[in-house]
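Structure record follows, encoded as structure tokens.
Just so we're clear, the structure is a prediction, and the values are computed from it rather than from any experiment. As the structure lists them, so they are numbered: ligands from 1, and atoms in each ligand from 1.
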Amino acid sequence: MKSVKVTVFGKVLISGEHSVVYGEPALVASIDKRMEIELVEFKGYRLVSEVEDGAGLVRRALALGGVDPNGVKVKIWSEIPSGMGSSAAVSAGVIKAAYKWQGKKLGRQKWHELAWKAERLVHGNSSGVDPAAVIFGGLLWYVRGREIGKLKLKKPYRMVLVETGKPAESTGEMVSFVAERMKIYDLRFKKIVTELGKVSMKIREVMRKRGEIKDLMNENGVLLEELGVVGEKAIKISEKLRSMGWGVKITGAGGVKAGSGRLVVVGAELKTIRRMGYEAFEVKVGGDG
Ligand code: MEV
């Protein structure tokens, strides 16, 4: 029976979530957490119903990849934690698998264009940064519609990702939430977005020299709190971790009603954070660029 399989990886946003939607630069890295996607022939059947998969992302990605969803079965295995690029991985992975299914080549630029299109279905006004991380891999500098550049570091950074709880809002809802607030608080919010862009640039410069980014990460984290995308629980945890001398910010879209997803923490030891009772894991950033 015909089948094809592809593997894609998740991502961590080091800097630039939300501000990247408005054209500011972002720093993003792929992480060593994988998703496997398999297409299997399913002859003689027609798809009449399906399990809800976040607004039909799989069907959309299959169609963009040129494969009719009737006649293939899509199997997905994932170890990507929520909020760390799962929908970008589904978009990119299914499109890649669809091309492979047809024996067609797919260049990274075109692949990104298609995956970004698919992702817009679930994120609304997506900046395309998540699919870029999944598709290009390594440590990336990303400016919406203008630049995707790789950054090479002599030595990787170790970062710890700390769970603050699953957000009640989707990424798309958080992007719209910021857009609404931008309309109301126009100047104040534009200033925060511009400041976030400046911090991303500073972080890039310091990372290039393999310097200390703790303070800049904290600056970034506080700006995201001011933007209103971080919930109370995550702010409390961030303050506690900052009081230990570490650099802390949310990574990804955040959330305000319940949890805010993961915090990215620099300067800390994983075992110390676990000993404090947090659910956490470690990633290496910039070692494979
Ligand atoms: C989500 O990982 C990052 C956001 O900036 C949305 C996007 O850029 O598409 C919140």
Side-chain angles (χ1 to χ4, degrees), residues 8-31 33 35 54-55 57 78 80-92 112-137 139-148 159 161 163-164 166-182 189-190 192-197 199-200 203 220-221 223-231 234 249-257 259-264 283 285:
V8 282
F9 294 86
K11 62 91 212 206
V12 57
L13 253 160
I14 297 158
S15 183
E17 41 278 274
H18 291 292
S19 47
V20 68
V21 172
Y22 300 93
E24 296 294 339
L27 262 173
V28 68
S30 55
I31 58 167
K33 298 275 177 201
M35 179 181 281
L57 182 58
S78 179
I80 301 175
S82 65
M84 304 213 63
S86 291
S87 40
V90 169
S91 314
H112 179 247
E113 215 176 276
L114 293 173
W116 187 5
K117 226 182 221 177
E119 206 204 35
R120 261 181 244 145
L121 182 78
V122 282
H123 284 187
N125 186 17
S126 144
S127 69
V129 69
D130 293 3
V134 169
I135 290 165
F136 292 88
L139 176 60
L140 291 185
W141 178 250
Y142 181 88
V143 186
R144 180 177 189 161
R146 293 218 306 264
E147 231 185 304
I148 304 178
M159 299 186 181
L161 289 149
E163 178 68 300
T164 72
K166 197 171 157 42
E169 306 89 340
S170 66
T171 297
E173 281 164 353
M174 289 310 292
V175 169
S176 308
F177 171 78
V178 172
E180 283 307 312
R181 296 187 70 150
M182 288 278 269
F189 268 61
K190 278 199 184 118
I192 298 175
V193 164
T194 314
E195 288 301 317
L196 279 165
V199 176
S200 296
I203 293 178
N220 190 328
L223 284 167
L224 286 166
E225 287 162 23
E226 284 172 15
L227 196 65
V229 295
V230 190
K249 64 174 278 290
I250 57 150
T251 178
V256 282
K257 293 184 192 147
S260 308
R262 302 260 164 185
L263 296 170
V264 56
V283 290
V285 163

**Item:** Main-chain N/O of S82 paired with R262 side-chain donor or acceptor, under 3.5 Å
**Value:** no

**Asked** Within the side chain of K249, is there an N or O that forms a donor-acceptor pair under 3.5 Å with the backbone of I14?
**Response** yes

**Request:** Please confirm whether the backbone N or O of S260 pairs with a side-chain atom of T164, one donor and one acceptor, at under 3.5 Å?
**Result:** yes

**Pairing residues for F136 by the ring pair (Phe, Tyr, Trp, His ring centres under 6.0 Å) criterion, not counting sequence neighbours** = none

**Message:** Has E119 got a side-chain atom pairing as donor or acceptor with S91's backbone, closer than 3.5 angstrom?
**Reply:** no

Pairs under 3.5 Å, N/O atoms on ligand 1 and on the protein: can you put them in a table with the distances?
{"residue": "ligand 1", "atom": "2 (O)", "partner": "K11", "partner atom": "NZ", "Å": "2.8"}
{"residue": "ligand 1", "atom": "2 (O)", "partner": "D130", "partner atom": "OD1", "Å": "3.1"}
{"residue": "ligand 1", "atom": "2 (O)", "partner": "D130", "partner atom": "OD2", "Å": "2.8"}
{"residue": "ligand 1", "atom": "5 (O)", "partner": "H18", "partner atom": "N", "Å": "2.9"}
{"residue": "ligand 1", "atom": "8 (O)", "partner": "S127", "partner atom": "OG", "Å": "2.5"}
{"residue": "ligand 1", "atom": "9 (O)", "partner": "S127", "partner atom": "N", "Å": "2.9"}
{"residue": "ligand 1", "atom": "9 (O)", "partner": "S127", "partner atom": "OG", "Å": "3.4"}

**Request:** Please name the pair of heavy atoms, one in W116 and one in S126, separated by the smallest distance, quoted to 0.1 Å.
**Result:** NE1-O, 3.0 Å

